[in-house]
Amino acid sequence: MASSTSPIISKILQLSDLELAILLCLISREHGIITTPSACLSLLATELRLVAIHTFGLTCSVIDCTPSTTLDDFASALLLHPESAQQSQQPDYFAQSPQRSAHTPPPLPSSQIANCIIAKSFNLAHKSVQIQALELLRTRRIFTRTSVQAAPKQFIFVPVLEAEAPGRGERVTPHLNDFFLLAHWHDPEEGFVNIDEEEEVEGESTERATGRDEKSPVLIPESEISHLAQLSQQVQVDVEVIRYQMNIVSFLRMHRAVADGVTPNATKHLDKLMRCLAPLHGIDFVTPALVGVAVKKVYLHRIRITSPENERSMQWGSTLDAVAAILADVGPEEVVEDVLGMVTAPI
């Protein structure tokens with residue numbers, strides 16, 4: 001596998017954490033949640049839009065959700081019109097110059113669902129809108145007043161939510177939440193690479209800009225994503241690694257800080273994600289380290305911390321103040337780290 005993926009791996013090494021999160025969604029054909037502190041929500045949405053367009057060559061639509069967002073608003077915001085779709089497909093900042101007309105993409109249909117939907121503050125949308133989004137993700141179709149729109153082959157839905165720390169923030173409705181493969185918390189201190197690069201390009205002189213004669217290529221095109229997806233389906237998992245995976249799931253379900261356990265769908269997503277991670281490292285088997293990485297991504301948005309009065313040791317005589325003190329600084333990230341520390345990895 002190393003020889004067939006080495007050119008792709010060299011590109012993957014250049015990616016930021018946000019770009020890797022989107023790449024994993026594309027490889028697995030699943031969807032993900034991205035969170036960040038509230039002050040950076042708009043910057044994160046802009047960064048993800050640039051990632052979709054310039055890194056992966058996707059059309060993109062950004063939906064700014066509020067409590068007043070209606071089903072019609074949501075359905076309409078998913079669709080791209082020819083002008084905006086063509087612009088999204090051009091990863092070059094100077095594509096509108098006369099010299100570049102030969103590189104414009106062919107005309108598109110009157111409307112179509114974008115490849116990448118970025119739903120900013122989607123937790124604020126009414127429950128009916130979130131249920132409609134779940135139906136879209138399940139069936140890859142959405143009904144408008146005049147037609148039925150089908151999602152394209154490459155299609156990802158990415159809510160951008162507020163969270164001051166990993167796993168500690170706003171959430172969408174439970175059934176929709178469980179449908180997302182992974183979650184990633186973006187630390188603002190890591191910066192916004194694509195926004196910075198765009199500002200640098202816009203700051204260049206006119207002479208330098210017009211000197212660029214060829215359209216900048218997409219970094220990771222659909223053909224390479226499809227190749228990585230095929231490789232992920234061929235990944236082998238040793239029985240010892242499977243046992244390690246199942247032990248982690250069992251410990252998560254029984255952890256004293258976890259309310260309501262974890263869902264079977266999360267276990268399926270864990271298996272899929274750890275297989276998708278393998279080809280990104282140039283290997284065709286899953287290692288215990290990859291299981292650990294996958295666990296941190298799959299359960300970050302799923303684990304709910306129990307309230308002190310419902311913690312199980314209260315049934316055996318623990319005091320409420322003592323239990324509250326223990327759970328005070330525990331979040332989903334701490335639970336995952338605790339479990340990974342308790343479960344022995346195979347050698």
Quick one: do F143 and L79 end up in the same hydrophobic cluster if we chain Ile, Leu, Val, Met, Phe, Trp and Tyr together by side-chain heavy atoms under 4.5 Å apart? no

Single-linkage hydrophobic cluster L124~I63, side-chain heavy atoms < 4.5 angstrom: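 Not linked; separate clusters.
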
Side chains of [X] and [Y]: do they bring a donor and an acceptor to under 3.5 Å?
{"X": "Q130", "Y": "N123", "value": "no"}
{"X": "T306", "Y": "E311", "value": "no"}
{"X": "H126", "Y": "S128", "value": "yes"}
{"X": "H301", "Y": "N177", "value": "no"}
{"X": "S307", "Y": "N310", "value": "yes"}

What do you reckon, are the aromatic ring centroids of H186 and F192 less than 6.0 Å apart? yes

Using the ring of each side chain (for Trp, its six-membered ring), is F180 parallel, tilted or perpendicular to F157, with breaks at 30° and 60°? parallel

Between [X] (side chain only) and [Y] (backbone N and O only), is there a donor and an acceptor less than 3.5 Å apart?
{"X": "R302", "Y": "V298", "value": "yes"}
{"X": "S226", "Y": "E222", "value": "yes"}
{"X": "R49", "Y": "C60", "value": "no"}
{"X": "K120", "Y": "C65", "value": "no"}
{"X": "S318", "Y": "S313", "value": "yes"}
{"X": "S61", "Y": "A77", "value": "yes"}
{"X": "S10", "Y": "P7", "value": "yes"}
{"X": "R138", "Y": "F179", "value": "no"}
{"X": "S16", "Y": "E19", "value": "yes"}
{"X": "W185", "Y": "A163", "value": "yes"}

Can you tell me how far the [atom1] atom of [X] sits from the [atom2] atom of [Y], to the nearest 0.5 Å?
{"X": "I225", "Y": "R29", "atom1": "CD1", "atom2": "CZ", "result": "9.0 Å"}
{"X": "L273", "Y": "S232", "atom1": "CG", "atom2": "OG", "result": "10.5 Å"}
{"X": "I113", "Y": "I142", "atom1": "CD1", "atom2": "CD1", "result": "6.0 Å"}
{"X": "I220", "Y": "I12", "atom1": "CD1", "atom2": "CD1", "result": "5.5 Å"}
{"X": "T66", "Y": "D73", "atom1": "OG1", "atom2": "CG", "result": "8.0 Å"}
{"X": "E47", "Y": "E198", "atom1": "CD", "atom2": "CD", "result": "9.5 Å"}

Give the intermediate values and the outcome of side chain to side chain contact (heavy atoms under 4.5 Å, CB included) for residues N115 and I156. CA-CA 6 Å; N115 298 114; I156 55 173; over 6 Å; no

Any chance you could pull the hydrophobic cluster mates of M314, using side-chain heavy atoms under 4.5 angstrom and chaining through other members? L320, V323, L327

[X] versus [Y]: any side-chain heavy-atom pair under 4.5 Å?
{"X": "V193", "Y": "L50", "value": "no"}
{"X": "L252", "Y": "I248", "value": "yes"}
{"X": "P159", "Y": "I34", "value": "no"}
{"X": "H255", "Y": "D338", "value": "yes"}
{"X": "T55", "Y": "V218", "value": "no"}
{"X": "L182", "Y": "L300", "value": "no"}
{"X": "E199", "Y": "I195", "value": "yes"}
{"X": "M274", "Y": "C276", "value": "no"}

According to ring-ring contact (aromatic ring centres under 6.0 Å, His included), does anything in residues 12-48 pair up with another residue at least two apart or in another chain? List the pairs. H31-F155

Check [X] against [Y] and note the closest heavy-atom contact, atom names and distance.
{"X": "A114", "Y": "T59", "value": "CA-OG1, 3.5 Å"}
{"X": "F122", "Y": "L161", "value": "N-CD2, 3.6 Å"}
{"X": "V62", "Y": "A45", "value": "CG1-CB, 4.4 Å"}
{"X": "L18", "Y": "L48", "value": "CD2-CD2, 4.2 Å"}
{"X": "S28", "Y": "K272", "value": "O-NZ, 3.6 Å"}
{"X": "V330", "Y": "I326", "value": "CG2-O, 3.3 Å"}

Look at atom [atom1] of [X] and say whether more than 12 heavy atoms of other residues, nucleotides or ligands are closer to it than 6.0 Å.
{"X": "R141", "atom1": "CZ", "answer": "no"}
{"X": "M254", "atom1": "CE", "answer": "no"}
{"X": "K268", "atom1": "NZ", "answer": "no"}

Walk me through whether K127 and I131 qualify under side chain to side chain contact (heavy atoms under 4.5 Å, CB included). CA-CA 6 Å; K127 184 177 180 180; I131 292 174; 4.0 Å; yes

Stepwise side chain to side chain contact (heavy atoms under 4.5 Å, CB included) check, E162 with T36: CA-CA 5 Å; E162 173 187 344; T36 199; over 6 Å; no

E333, E337, E334 screened by salt bridge (Lys or Arg N to Asp or Glu O under 4.0 Å) with K296, the one that passes: E337

Working note: H269 + K297, criterion side chain to side chain contact (heavy atoms under 4.5 Å, CB included); need CA distance, chi angles, decisive distance, verdict. CA-CA 10 Å; H269 281 167; K297 296 301 180 184; over 6 Å; no

